[in-house]
Amino acid sequence: MNIRQLIDSRVSQALTDAGVPNDTPAVIKPSNRPVFGDYQANGIMGAAKKIKTNPRELAAKVLDCLVLSDIAEKVEIAGPGFLNIHLKPEWLSQQLDQTLDSKTLNIEQVKTPQTIVVDYSGPNLAKEMHVGHLRSTIIGDAIVRVLEFRGHQVIRQNHVGDWGTQFGMLIAHMNSLQSSSDELSMKLSDLEAFYREAKKRFDDAPDFAEAARDYVVKLQSGDPECHRLWQQFIDISLQHCDDIYARLNVSLNREHVMPESAYNNDLKQVITDLGTADLLTEDQGAKCVFLEDFKGKDDKILPTIVQKSDGGYLYATTDLAALRYRHQTLHANRILYFVDARQSLHLNQVFTIAKKAHFVPEATQLEHLAFGTMMGKDGKPFKTRAGGTVKLIELLKEAEQRALALVNQKNPDLSEAERLLVAQKVGIAAVKYADLSKNRSSDYIFNWDSMLSFEGNTAPYLQYAYARIQSIFRKANTIDLQAALILDEKTEKQLAVKLLQLSETLETVVKDSTPNILCNYLFELAGHFMSFYEACPILKTDNEAMRNSRLKLAHLTATTLKTGLGLLGIDTLDRM
RNA sequence: GCGCUUGUAGCUCAGUUGGAUAGAGCAACGGCCUUCUAAGCCGUGGGUCGCAGGUUCGACUCCUGCCAAGCGCGCCA
């Protein structure tokens with residue numbers, strides 16, 4: 001059940017019956033102030049303009065045609081022609097009872113499920129994951145969970161970078177350490193250091209650089225020994241990723257890995273097919289696609305190079321092969337890319353070429369969900385003190401440590417084991433939520449103090465709200481979920497309405513791939529609960545019916561919080 | 001030069017197809033723990049929504065121009 005949709009269909013019908021053209025939107029929104037009721041219809045003014053009539057008069061006409069008495073206790077005309085809708089407490093109770101009985105919280109599955117390919121995380125396996133991979137990984141994962149919850153078929157694709165010139169250097173370095181394999185495996189436990197060593201040798205020693213280039217050629221020509229070393233490196237690197245995903249509570253695993261190298265055999269064919277589609281131009285020895293849609297300096301058309309003059313392929317070629325695979329083999333209706341905003345031009349070029357070459361049909365939705373860079377407190381890209389990239393694993397460890405210090409201070413009575421668990425859950429949640437709760441498109445400032453201050457719109461605040469409810473249940477012993485809901489107090493009714501708005505929230509999240517909308521909802525829900533909690537005694541009331549009703553509201557809040565946080569990939573705790 | 005993104009309170013950010021008095025949190029100030037977890041609640045102060053025009057009953061939102069910041073623009077990914 002989706003309140004906004006329900007009211008929308010009723011008001012739209014009334015608009016039609018009042019003589020307004022069919023396609024006029026009713027514009028239903030939650031009211032921005034309590035005096036304006038629970039929902040408001042804003043579409044009448046626009047409709048009045050369209051048919052050149054007085055908006056107040058049209059509002060009266062629409063109100064006459066409007067059938068809403070089953071869900072609303074009062075609908076009134078206000079201001080220049082708003083309809084303010086006050087929902088019936090009995091109807092709210094009835095809907096909440098249905099929520100309680102439903103596995104999906106009274107939220108219907110989508111009528112036409114899509115096959116949605118989601119491309120996210122995509123680390124470069126030559127190095128360890130660093131903070132630059134965080135946003136794609138957690139935003140993508142949250143959206144994946146929401147899409148699945150709504151009933152779509154989601155195919156995760158972790159397009160990891162496992163190919164390219166840098167692997168020649170790494171293999172050469174591995175090979176020179178072969179003599180003592182203990183040393184090799186030890187060194188590979190810190191991939192970042194391993195990469196630096198290899199890079200240093202590549203830059204400093206011409207012999208080594210020569211060998212590295214030979215290895216690239218060998219690797220590409222399928223040399224078995226070289227391939228074995230490469231595979232060994234890739235396995236270790238993927239293991240590092242798996243560890244991070246597990247620690248981050250991200251749903252990616254090996255099954256979702258579809259590396260760049262998987263497309264190697266198709267690259268030649270991609271070029272051939274681009275030629276057949278008459279899109280290919282040779283320029284200075286390189287094979288390019290020139291598209292009118294993309295112009296650069298002096299209005300000159302920008303090329304997308306798909307094959308270098310030395311015959312090598314580029315990431316545009318691989319991305320085209322991947323798009324084709326996602327259409328032909330995975331049968332995607334919609335493909336989402338959670339990729340850094342800086343790749344916007346590249347992806348737009350690839351999308352356009354793929355459609356022109358008929359690698360994917362026109363109807364397939366291709367979306368680049370761009371996000372900004374993670375900045376430090378100073379507004380510059382987030383780095384270590386020494387100016388290096390911050391390893392993701394180090395960041396997560398620090399989050400847990402900082403959270404532990406806080407738990408020790410806030411709740412020293414918990415056992416050590418429990419404090420460690422709380423620190424782990426809260427620390428990770430804080431990092432994830434700080435990112436998820438912000439608008440995707442802008443750069444975002446990473447600040448330990450604000451995310452772990454545990455005040456305001458943060459994960460710990462939401463987890464705390466949940467833990468508080470669990471504490472009530474421990475003291476209550478039994479809850480009667482059959483009890484009638486009584487929504488007399490203002491805070492009770494507001495909480496009830498909020499509880500029922502998860503559905504319309506998820507509708508928006510799915511449409512725009514914006515997890516911050518869900519964060520915002522959960523923050524408001526928790527806020528409404530806190531107000532209710534302060535205003536309405538639950539266990540302290542003598543009135544048995546009221547106690548049961550309030551316990552039930554608390555139960556519904558807990559369930560909704562847990563579900564919502566779960567969709568963000570954030571765990572709840574019974575105690576903190 | 002061209003393109004993309006961003007510009008809202010001292011700071012970090014919301015603001016959903018144009019709607020009523022632009023909202024939170026932090027920071028500041030003032031209240032609330034013998035009472036269900038004070039990681040909380042209630043309240044006060046704080047705004048030229050980058051600037052200037054335009055569209056209209058109505059603009060933070062749409063259009064145009066300008067200013068500022070970040071990023072991208074041929075053989076890395």
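Chain letters run A, B, ... following the sequence lines, proteins first and then strands; every chain starts at 1.
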**Message:** Give me the distance, rounded to whole Å, that separates B:G50 from B:A22 when you measure between the P atoms they each carry.
**Reply:** 15 Å
**Asked** Taking NZ, NE, NH1 and NH2 as the nitrogens, is one of them in A:Asp449 or A:Lys377 under 4.0 Å from a carboxylate oxygen of the other?
**Response** yes
**Prompt:** Is there a donor-acceptor pair closer than 3.5 Å between any side-chain N or O of A:Asn84 and the backbone N or O of A:Glu76?
**Reply:** no
**Message:** Partner lookup for B:C66, please. Criteria are Watson-Crick or G-U wobble with both distances under 3.5 angstrom; report none if nothing qualifies.
**Reply:** B:G50
**Nearest-angstrom distance, P atom, B:G30 to B:A9** = 25 Å
**Request:** Looking at every strand, decide which applies to A:Ala78 at a 4.0 Å heavy-atom threshold: base, sugar-phosphate, or nothing.
**Result:** base
**Pairing nucleotide - B:U16, Watson-Crick or G-U, each distance under 3.5 Å** = none
**Asked** Looking for any heavy atom pair under 4.0 Å, which part of the strands does A:Gln463 touch: base, sugar-phosphate only, or nothing?
**Response** nothing
**Request:** Tell me what A:Ile305 touches on the nucleic acid: a base, only sugar-phosphate, or nothing, going by heavy atoms under 4.0 Å.
**Result:** base
**Message:** If you take the centroid of each ring, where Trp contributes its six-membered ring, are A:Phe351 and A:Tyr337 closer together than 6.0 Å?
**Reply:** yes
**Message:** Under 4.0 Å, counting only non-hydrogen atoms across every strand here, what does A:Arg4 touch: a base, just sugar-phosphate, or nothing?
**Reply:** base
**Message:** Taking the six-membered ring of A:Tyr195 as reference, does the cationic atom of A:Lys127 (NZ for Lys, CZ for Arg) lie under 6.0 Å from its centre and within 45° of its axis?
**Reply:** yes
**Request:** Could you tell me which nucleotide pairs with B:C73 by Watson-Crick or G-U wobble geometry, both distances under 3.5 Å, or answer none if nothing does?
**Result:** B:G1
**Request:** Tell which nucleotide pairs with B:U37, taking only Watson-Crick or G-U wobble pairs whose two distances are both under 3.5 angstrom.
**Result:** none
**Request:** Kindly say whether, by distance alone, the side chain of A:Asn84 makes a donor-acceptor pair under 3.5 Å with the base of B:A20?
**Result:** yes
**Item:** Sidechain N-carboxylate O distance under 4.0 Å for A:Lys50, A:Asp23
**Value:** yes
**Request:** Write down the partner of B:G30 under the Watson-Crick or G-U wobble criteria, each distance required to be under 3.5 Å.
**Result:** B:C42
**Message:** Taking the C1' atom in each of B:C13 and B:C49, what is the distance between them to the nearest angstrom?
**Reply:** 14 Å
**Request:** Ignoring backbone atoms, test whether A:Lys475 places a side-chain nitrogen or oxygen under 4.0 Å from the OP1 or OP2 oxygen of B:U37.
**Result:** yes
**B:U21 to B:G58 separation - P atoms, rounded to the nearest Å** = 13 Å
